[in-house]
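Report on the structure given below.
Numbered from 1 within each chain, the chains take letters A, B, ... in sequence-line order.
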Amino acid sequence: MAKKLSRKFYSRPALKVAKELLGKYLIRKIGRQKLVGKIVETEAYIGPKDRASHAFLGKVTPRNKTEYLEGGHIYIYLVYGMYWQMNITASKAGKPECVLIRALEPLNKVEPHSTDGPGKLCRWLKLNKSFDGEDLTKSKRIWLEDRGEEIKRSRIAASKRIGIDYALEWAEKPWRFYIKGNPFVSRPRT
DNA sequence: GTACAGATTGAG
DNA sequence: TCAATCTGTACT
């Protein structure tokens with residue numbers, strides 16, 4: 001029943017993709033090993049008008065150019081010199097919209113709290129710069145699946161995004177989505 | 001060539 | 001609540 005998410009799924013506004021990514025499964029293959037996790041927390045970043053986005057005002061730099069790819073690619077970058085952030089691009093080519101994956105509920109047996117934050121889940125998945133620009137609809141080492149799990153609207157909560165206080169009024173936008181009560185969601189902050 | 005920010009984390 | 005920590009980015 002597992003259905004790989006198609007280009008069509010990703011080629012929509014980031015806000016929509018961010019909400020619908022909840023309850024989808026991320027598959028990461030490392031050699032013989034297969035890591036699987038359900039997405040339980042995301043954040044949306046909307047192109048040039050979003051001050052919190054790296055593509056604010058349509059800036060293009062070597063770092064964020066993958067953010068401009070059509071939906072379904074990975075945009076990964078380093079923060080604080082030590083943590084990777086995994087984003088999935090959304091919308092059409094040329095539109096810098098993306099969705100940050102903030103937390104996973106792992107199906108594998110793992111140490112507690114090893115995927116409840118964007119930096120930690122990337123460490124768990126062994127993601128690094130080599131995944132920048134990876135096409136999730138074609139890659140053999142990482143992709144997303146729909147396993148027929150429906151997350152009801154009433155189980156989805158929205159809050160403001162994390163760690164972007166510099167973004168002024170954009171920091172207030174309720175563009176962080178997570179599954180209510182899920183223990184794998186990153187620790188709430190105010 | 002160099003200053004500097006940073007979509008976090010974990011310890012206190 | 002707060003500071004460690006350090007690479008890639010952006011600019012000169």
Side-chain angles (χ1 to χ4, degrees), chain A residues 10 13-22 24 26 28 37 39-69 71-91 95-106 110-134 136 142 144 156-179 182-190:
Chain A
Y10 301 110
L15 278 172
K16 212 166 195 133
V17 176
K19 260 181 270 190
E20 293 190 20
L21 276 176
L22 295 176
K24 298 294 187 288
L26 178 80
R28 162 81 167 109
I39 297 174
V40 297
E41 183 179 356
T42 62
E43 270 180 18
Y45 287 84
I46 313 293
K49 51 185 184 182
D50 182 357
R51 194 176 180 99
S53 166
H54 292 153
F56 180 53
L57 296 181
K59 265 205 303 199
V60 186
T61 66
R63 171 171 78 158
N64 72 12
K65 68 173 190 300
T66 49
E67 197 178 347
Y68 288 79
L69 296 175
H73 290 83
I74 291 182
Y75 168 42
I76 194 164
Y77 72 94
L78 197 64
V79 274
Y80 303 117
M82 47 189 136
Y83 298 112
W84 293 99
Q85 307 284 301
M86 177 192 172
N87 295 250
I88 297 175
T89 64
S91 196
K95 301 265 190 188
E97 301 198 8
C98 67
V99 177
L100 169 66
I101 308 299
R102 291 189 54 86
L104 294 176
E105 175 181 333
V110 296
E111 298 294 305
H113 303 295
S114 57
T115 61
D116 58 353
K120 290 198 274 187
L121 78 87
C122 286
R123 194 193 301 160
W124 182 62
L125 294 171
K126 297 197 167 42
L127 298 180
N128 55 49
K129 188 82 185 168
S130 76
F131 284 83
D132 194 41
E134 188 93 352
L136 289 167
I142 186 166
L144 298 176
I156 297 179
S159 78
K160 47 193 251 193
R161 293 172 293 176
I162 310 262
I164 52 164
D165 296 339
Y166 61 85
L168 306 176
E169 75 267 28
W170 295 97
E172 302 297 323
K173 302 280 180 194
W175 289 350
R176 166 173 174 252
F177 305 101
Y178 58 95
I179 299 179
N182 186 294
F184 295 92
V185 169
S186 68
R187 135 177 68 104
R189 264 173 262 198
T190 52

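- B:dA7 atom C1' lies 14 Å from atom CD1 of A:Ile46, rounded to whole Å.
- At most 12 heavy atoms of other shown residues, nucleotides or ligands fall within 6.0 angstrom of atom NZ in A:Lys95.
- For A:Tyr80, no side-chain nitrogen or oxygen approaches OP1 or OP2 of C:dG8 to under 4.0 Å.
- Of the residues near DNA chain C, A:Met82 and A:Lys129, the one whose nearest nucleotide (by heavy atom distance) lies more toward the 5' end is A:Met82.
- Across all strands shown, C:dT5 has no partner, as no Watson-Crick or G-U wobble contact with both distances under 3.5 Å is found.
- In this entry the distance linking CD of A:Gln85 with C1' of C:dG8 reads 14 Å, nearest Å.
- Annotation: B:dA11 and C:dT7 have their C1' atoms spaced 23 Å apart (nearest Å).
- Proximity of A:Arg123 to the phosphate of B:dT9: no side-chain N or O atom is located under 4.0 Å from OP1 or OP2.
- To the nearest angstrom, P of C:dA10 lies 6 Å from CZ of A:Arg63.
- Rounded to the nearest 0.5 Å, atoms CZ (A:Phe131) and CD1 (A:Ile142) are 6.0 Å apart.
- Between the CG atom in A:Leu104 and the CG atom in A:Leu26 there is a gap of 5.5 Å [rounded to 0.5 Å].
- Stacking of A:Tyr45 onto the six-membered ring of B:dA7 is present: less than 5.5 angstrom between centres, less than 30° between planes.
- Distance, A:Ile164 CD1 to B:dT8 P: 9 Å, rounded to whole Å.
- A salt bridge links A:Glu43 with A:Arg102: the closest approach of a Lys/Arg side-chain nitrogen to an acidic carboxylate oxygen falls below 4.0 angstrom.
- Taking atom CD1 on A:Ile76 and atom C1' on C:dG8, their separation rounds to 14 Å, with Å as the unit.
- Here the P atom of nucleotide B:dA7 and the CD atom of A:Glu172 are 16 Å apart, to the nearest Å.
- Under the Watson-Crick or G-U wobble criterion, with both distances below 3.5 Å, B:dA7 has no partner in any strand shown.
- Phosphate proximity of C:dT9 to A:Lys65: absent, as no side-chain N or O sits under 4.0 Å from OP1 or OP2.
- Residue A:Lys59 qualifies as open at atom NZ: its count of foreign heavy atoms under 6.0 Å is 12 or below.
- Within the 4.0 Å cut-off from OP1 or OP2 of C:dA10, not a single side-chain nitrogen or oxygen of A:Lys59 is found.
- Rounded to whole angstrom, the span from the NE2 atom of A:His54 across to the C1' atom of C:dA10 amounts to 13 Å.
- Look at CG on A:Leu78: it is 11 Å from C1' on C:dT5, rounded to the nearest Å.
- Phosphate contact (OP1/OP2 of C:dA10, side-chain N/O of A:Thr61, threshold under 4.0 Å): present.
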